[in-house]
J.: 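Got a structure for you, questions after.
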Amino acid sequence: MKRVGTLLVVVLVGYMFILAVSELPPYGAPDNPSNNEVASWYNYRALEETGAVNIVAGVILDYRAYDTMIETTVLFTAIIAVMITLKASAKP
């Protein structure tokens, strides 16, 4: 009975994934969310707004600084948690 329940959950999750993927816009379509005004804003105004010669550095450090800082904090916390777990399991 436990295997049937597990199989049912796996099939339902797989079905949900298939439904989610079928709702994605076609690759390369001009109305994709990735082809919106934000990317063109970065391309045309990043140099004058940030003063950075490198557009990628300007976007990361000026437009998305808080997001980058939080991602770095989460990554650092995960690394510390793994190191603590490995160190705790190495003790006899």
J.: To check you understand the geometry: which heavy-atom pair defines the closest contact between Leu47 and Val53, and what is its length?
T.: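 Looks like CD1-CA, 4.1 Å.
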
J.: By side chain to side chain contact (heavy atoms under 4.5 Å, CB included), which residues pair with Asn54, not counting sequence neighbours?
T.: Val56, Ala57

J.: How long is the straight-line distance from CD1 of Ile84 back to CD1 of Ile79, given to the nearest 0.5 Å?
T.: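 Separation between the atoms: 12.0 Å.
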
J.: With rounding to the nearest 0.5 angstrom, report the CD1 to CD1 distance, Ile55 to Ile60.
T.: 12.0 Å

J.: Would you say Met69 has more than 12 foreign heavy atoms packed within less than 6.0 Å of its CE?
T.: yes

J.: Could you state the interatomic distance from OG1 (Thr50) to OH (Tyr42), rounded to the nearest 0.5 Å?
T.: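 These two atoms lie 11.0 Å from each other.
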
J.: Scan Val10, Val9, Leu8 and name whichever one has a side-chain contact (heavy atoms from CB on, under 4.5 Å) with Leu12.
T.: Leu8

J.: Looking at every non-hydrogen atom in both residues, tell me the closest pair between Gly58 and Ala52 and how far apart they are.
T.: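 Smallest interatomic distance, heavy atoms only, reads CA-CB, 3.8 Å.
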
J.: Taking all atoms of both residues into account, what is the closest heavy-atom pair of Tyr63 and Arg45, and its distance?
T.: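 Heavy atoms of Tyr63 and Arg45 come nearest at OH-O, 4.0 Å.
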
